[in-house]
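Okay, handing you the structure first.
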Protein chains: 2
Amino acid sequence: MMTVRQDVHSADIPVLCQSCEARHRGVCGALDPDQLVALSKTSSRHKIEPGIELIGDAEAIDSYSNVLSGVVKLTKGLSDGRQQIVGLQFAPDFLGRPFKVESAINAEAATAVSLCTFPKATIDRMMKESPELEHRLLKQTLNELDDAREWMVTLGRKTASEKVASFLLMIARNIDPTADPTAKSATFDLPLTRADIADFLGLTIETVSRQMTRLRTDGVIRIENNRHVTVDSLGRLERRSGA
Amino acid sequence: MMTVRQDVHSADIPVLCQSCEARHRGVCGALDPDQLVALSKTSSRHKIEPGIELIGDAEAIDSYSNVLSGVVKLTKGLSDGRQQIVGLQFAPDFLGRPFKVESAINAEAATAVSLCTFPKATIDRMMKESPELEHRLLKQTLNELDDAREWMVTLGRKTASEKVASFLLMIARNIDPTADPTAKSATFDLPLTRADIADFLGLTIETVSRQMTRLRTDGVIRIENNRHVTVDSLGRLERRSGA
DNA sequence: CTCAGCGCTTGACCGAAATCAAGGTTTCGG
DNA sequence: CCGAAACCTTGATTTCGGTCAAGCGCTGAG
């Protein structure tokens, strides 16, 4: 089971960054008022179209971002073109790799994305001054590591149909984190194309399509316009996800 | 390519923990002398036999450890018994999951292992006092995340023979971190059985065996006693690992 | 409106790895 | 030294998912 964020709604955040308004796991809640003012001066909001590359492999990273809305896919590729999605970032995740000059992964907007971007140098400096900021980053990084390991089980040991069920379940749990985690049903727009889902699950487009069709004909999900998914019984879906 | 540790030999560590003598990425180097004295009083060294479980799934964690020697495998299982190894910890990695009461993974000694173990409460307290300690943990966690994502590519997108080659390459790079990273050849004892390798690569024992045989008959590796591996040309192995 | 392009589905066939089965090798206790 | 158990290899067969191919249904430009 994909780790459900446990600290998204930790209510101990006193202040917000002026420009990004990100609470939750964003970095801003960890800063004191002076730092926030300084950060707000250099940060800026961006709207990103789907498909736009945010960080290229082996590119220098000179900024960090908070994801305010939308979904960012993190990918790694092999030299012959094979690709694997190694993570999805939802709001309010932090995007960037501290302590490294260049990125080992690509980041690309999977949907329309809005970001709050800060210069790397500013955050790096604040990280030295503010243990609370580093503490936040450690927490997010540990959560991402848990997610990555959970996904390794899916990639290495699950069948195609279990993979697709696991994917839908993970999206249902992340796309609207304000939703009741004990809810029995869910409805959402898929943030990824079939090709992206295939790259996430280590499958082909055709196999993803066939498994989605099977879930649909078996009455586990309903799909409209190839994007909008309704799951009446999350429990039923979970039983197909291989536990 | 598996991330090669970059900070193993950072020489800026002034002091050592009395009982564990772990430098490198262990937690001890981040502590000031007073903390070290306090920690040394509660820490202890252990020798662990292969196959012994260190942390069980859903078990409460009340201690952290530094790996002093040997290899620890981190596994996750599905309800029907399928297993996936989601990480290997080599010396001098830190073992434990801060900020969570119970573990979502199993940790088991893959080889004979020696550990330096501390009470969780002591480290948790020191973490609050010492930003440097949290900084270390963030660095190690980011490295583990990089490794996990690298491995997701292997699990999701590589063929069986590429997987086995990638595995051997990763072991060669980690088993003796003092070795010259530019070395052209390597020799080492496999820390895992074929069954473990299969669980790491998302394959079966038989497929691992066949691919090892192929690498052997192709002259890429030599194997003695099913454990001791010699790689004359790491470059040749790398070319088979799918880049 | 028409048509091109893209994303998705479906079908037929194929192949890499799983499964099933048998036998070899190493290790270790007695 | 013998025998059992654990581990590993090899072969035959099956199967799941990949590959190849065709067609559908939006969507947007002209």
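So you know, we letter chains A, B, ... as the sequences are listed, proteins then strands, and number each from 1. Here the structure is a predicted model, which is why all the values come from computation and not from measurement.
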Task: side-chain N/O B:T193 vs D:dA6 OP1/OP2, d < 4.0 Å - done: no
Task: Heavy-atom closest contact (A:E144 atom, B:R149 atom, distance) - done: OE1-NH2, 2.9 Å
Open item on the list: Expressed as a whole number of angstroms, how long is the span from B:Q211:CD to D:dT10:P?
Closed with: 12 Å
- [ ] Let me know the distance between CG of B:D199 and C1' of C:dA18, rounded to the nearest Å.
- [x] 14 Å
Task: Closest to the A:T159 side chain, choosing from D:dA21, D:dG17, D:dT10 - done: D:dG17
- [ ] Would you please classify the geometry between the B:W151 ring and the B:F200 ring as parallel, tilted or perpendicular, with 30° and 60° separating the classes?
- [x] parallel
Open item on the list: Taking the basic N atoms (NZ, or NE/NH1/NH2) and the acidic carboxylate oxygens, is any pair closer than 4.0 Å for B:D199 and B:K73?
Closed with: no
Open item on the list: In whole Å, I'd like the distance from the CZ atom of B:R227 to the C1' atom of D:dC8.
Closed with: 12 Å
- [ ] Kindly point out which of C:dC8, D:dT9, C:dT10 is positioned nearest to the side chain of A:R216?
- [x] C:dT10
- [ ] Start with the C-alpha distance between A:S65 and A:T117, add both sets of side-chain angles, then the distance that settles side chain to side chain donor-acceptor pair (under 3.5 Å), and finish with yes or no.
- [x] CA-CA 4 Å; A:S65 300; A:T117 303; 3.1 Å; yes
- [ ] Tell me which nucleotide among D:dT19, C:dT19, C:dC8 gets nearest to the side chain of B:T204.
- [x] C:dT19
Task: Spacing of A:R157 atom CZ relative to C:dA18 atom P, expressed in whole Å - done: 8 Å
Where do N or O atoms of nucleotides 25-27 of chain D meet protein N or O atoms at under 3.5 Å, pair by pair?
none

Open item on the list: If you compare every side-chain N and O of B:R210 against the phosphate oxygens of C:dA17 (OP1, OP2), does one of them come in below 4.0 Å?
Closed with: no
Open item on the list: Rounded to whole Å, please give me the gap between CD1 in B:I205 and C1' in D:dC8.
Closed with: 9 Å
Open item on the list: Between A:D146 and B:K100, does any NZ, NE, NH1 or NH2 come within less than 4.0 Å of an OD or OE carboxylate oxygen?
Closed with: yes
TODO: Ignoring backbone atoms, establish whether A:T207 has a side-chain N or O less than 4.0 Å from OP1 or OP2 of D:dC16.
DONE: no
Open item on the list: If you assign each of A:L203 and B:I223 to its closest nucleotide in DNA chain D, which residue comes earlier from the 5' end?
Closed with: B:I223
Task: From A:I55, A:L95, A:N106, residue fulfilling side chain to side chain contact (heavy atoms under 4.5 Å, CB included) relative to A:L74 - done: A:L95
Open item on the list: Do A:S44 and A:H46 pair up side chain to side chain, a donor and an acceptor below 3.5 Å, judged on atom types alone?
Closed with: yes
TODO: Under 4.0 Å between any heavy atoms, over every strand shown, what does A:G202 touch: base, sugar-phosphate, or nothing? Just pick one.
DONE: sugar-phosphate
- [ ] Check every atom of C:dT10, D:dC8, C:dA21 against the side chain of B:N226 and return the nucleotide holding the closest atom.
- [x] D:dC8
Task: Whole-Å gap separating P (C:dT10) and CZ (A:R194) - done: 10 Å
TODO: Please state how far atom CD1 in A:I197 lies from atom P in C:dC8, giving the value in whole angstrom units.
DONE: 8 Å
TODO: Using a 4.0 Å heavy-atom cut-off across all strands, classify B:T213 as base, sugar-phosphate, or nothing.
DONE: sugar-phosphate
- [ ] Please report the closest heavy-atom contact between A:I61 and A:S63, naming both atoms and the distance.
- [x] CG2-O, 3.3 Å
Task: Between C:dC6 (P) and A:D196 (CG): distance, integer Å - done: 16 Å
